[in-house]
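A note on names: the letters A, B, ... follow the listed sequences, proteins ahead of strands, and every chain is numbered from 1.
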Number of protein chains: 2
Amino acid sequence: MADVAALAGVSKATVSRVLSGAPGVSDETRTRIKALVKELSYVVSPDASRLSRRANGRIAVVMPHTTSWFFGAVLAGILPVLRDAGLDALVYQVADGREFFADLPAQRQVDAVIVVAFPVTGFERRQLDLLGVPVVVAGGALLDHPNVRIDDVAAARQAVTHLIRSGHDRIAMINAAVTPERPYSPPTDRLQGYRTALAGAGLPADPDLVVELPWSGTMGAHAMDRLLSLERPPTAVFGFSDEVAVGALRSLRRAGIPVPRAVSVVGIDDHPIAELCDLTTVRQPAEEQGTEAARLALSLLGGGDPPQNPHVTLPTHLVIRATTGPLDP
Amino acid sequence: MADVAALAGVSKATVSRVLSGAPGVSDETRTRIKALVKELSYVVSPDASRLSRRANGRIAVVMPHTTSWFFGAVLAGILPVLRDAGLDALVYQVADGREFFADLPAQRQVDAVIVVAFPVTGFERRQLDLLGVPVVVAGGALLDHPNVRIDDVAAARQAVTHLIRSGHDRIAMINAAVTPERPYSPPTDRLQGYRTALAGAGLPADPDLVVELPWSGTMGAHAMDRLLSLERPPTAVFGFSDEVAVGALRSLRRAGIPVPRAVSVVGIDDHPIAELCDLTTVRQPAEEQGTEAARLALSLLGGGDPPQNPHVTLPTHLVIRATTGPLDP
DNA sequence: CTGTTAGCGCTTTCAA
DNA sequence: TTGAAAGCGCTAACAG
């Protein structure tokens, strides 16, 4: 910048003003400097600028992994919002919750943290506080930090009610197992929604019909195998997610059981795979959760008023495709 | 840092030395300062440190989108490598190639750029040069920048040869359409692999059997519909990717055509969906491409010797599942 | 409107 | 072994 100033015969201050669009520079000088800057294709050093301005123009995005659709979609929702606000995104993949919370590499580097669907332990929560910046949560909740999520209980109810209305009365649920240390709420909430729906219809809750397995790509398939080995298998299955449901479909296909004639299957997400598999599901807006979370983060940063409603619940809705229907008599 | 120095009764210089592990500090002082630092839970400001040291400790990761499996997986491969090297990742999603290349928000912020499977135009290439930092490519190639990729021609050949060996002689390909401006090579290369394999087996190349459609979630399904309306439909289909192949499966299922008894289907990727759909495919290591690319980037940064081989080709291999087989007589 | 003067928080010679 | 001082490249008063 010193060079530019020298070549333009002005002070660094003036150049700085022009570059930051600050007022108080004559049009003549402004255009002259702008031209020079363009010619030299000069840009300010963001780091120096930030150092001087005491703000770092970056936001941390913390996610357990980046591979699955949901996280990619949330990220896709976050990035454009931050970009438009002139902020950069520092993405942290916290495989098993270690490095990020232990070393806090984001410390003094970010103005806010967006935690994506990450079950945060007590220790981690305290570490997060140490960062001293606003925390917002996408796809989950954490104390009363601002967050954006769906109503998991309601989503599950929508799915199961759909099955009930199709005339099913032996409805199973394949759920993701949750460990006590990792307070991940969707499995709990969706199970509750499942039970509520059954109870609401006056259906019994058969514990054999709830299979909980630790998450894995083929977990849905294994769980379905289990359900098929029951003396009285279910006629309908509600999967924790679309990936789980599609796994169940695989087992049914291998077993030669016609869907939905003999067994109906429904998931949650409206993952792209659902459309390809003709899977009935309950759609959750993933990208929008990212978008809204990013917006919340920005509003917290603005220093302005806190957001109107710091707890946003986005709606879910049933998407009926070809894997559910009445039992074939 | 000034505070720490004052409280310890030493100069900032000494504190800095301790914190950066530089030599020339007595053990006594060192431990004393370390204790104090811990107590105050003080950490250096990365920005100030970088400003002073003229290096920015960040790497840009540029991808067309973050939603699809491949990109998430590559990112998952990149992040841990950078983290271990103490570098942060600035992730840029370049929806339609605009902001990033036009504004170069990464300018003066990163020490290298990893471009992930992004078809870069001439203009964009020039903008990239403007950043003045090493560029490495994951999942593609760009001039002779270091890169990590698979051999698309070979991958396609593996897929098609498998079909030929199962006795098929009317083999279709569903390909992603590529526009002239966006020099995205996999479609071209995979088509070539397809043709090579056919020619190698002395099979004719029927132009009707190659359907090219612009990418979309259901593109494979639509393309399959097209193939099914041919007077003589194919008995086997090679999809550009697993998602395309699964789309084709959907059409076949809806049409009531048994797979693989009447039609075989094979894809490329070994996307998680492939396992769930029992899809035969050619596996490409996505995460590893990220890992290797990140390593290449680091080696370029080290200032040390350039990497042994700056052009890495990772192997692909057939994964046989249940969607391919001989024609049922 | 523009320049001068201090820093921002750290690293790094160069002396002591 | 330690400290003083001079920046890194920019912004932000405060004067003129």
Are B:F101 and B:F118 close enough that their ring centers fall under 6.0 Å? yes
Heavy-atom closest pair, residues A:P64 and A:V116: CD-O, 3.3 Å
Would you check if there is a donor-acceptor pair between the side chains of B:Y92 and A:D88 at a distance under 3.5 Å? yes
Rounding to a whole Å, what distance do you find between A:Q107:CD and C:dC10:C1'? 16 Å
Tell me yes or no: between the side chains of B:T29 and B:S26, is some donor less than 3.5 Å from an acceptor? yes
Rounded to the nearest Å, what distance is computed from the CG atom of residue A:D3 to the P atom of nucleotide D:dG9? 9 Å
What's the CG-P distance between B:N56 and C:dT11, to the nearest Å? 15 Å
Just how far, in rounded Å, is C1' of D:dG7 from CG of B:L51? 9 Å
So A:R295 and A:E292, do their side chains get closer than 4.5 Å, heavy atoms only? yes
For B:T14 and D:dT2, is the shortest distance between a side-chain N/O and OP1 or OP2 below 4.0 Å? no
May I ask you to verify if any side-chain N or O of B:S26 is less than 4.0 angstrom from the OP1 or OP2 atom of D:dT2? yes
Any non-hydrogen side-chain atom of A:L40 less than 4.5 Å from a side-chain atom of A:V4? yes
With B for base contact, S for sugar-phosphate-only contact and - for none (protein heavy atoms under 4.0 Å), nucleotides 10-16 of chain D reads BBBB---
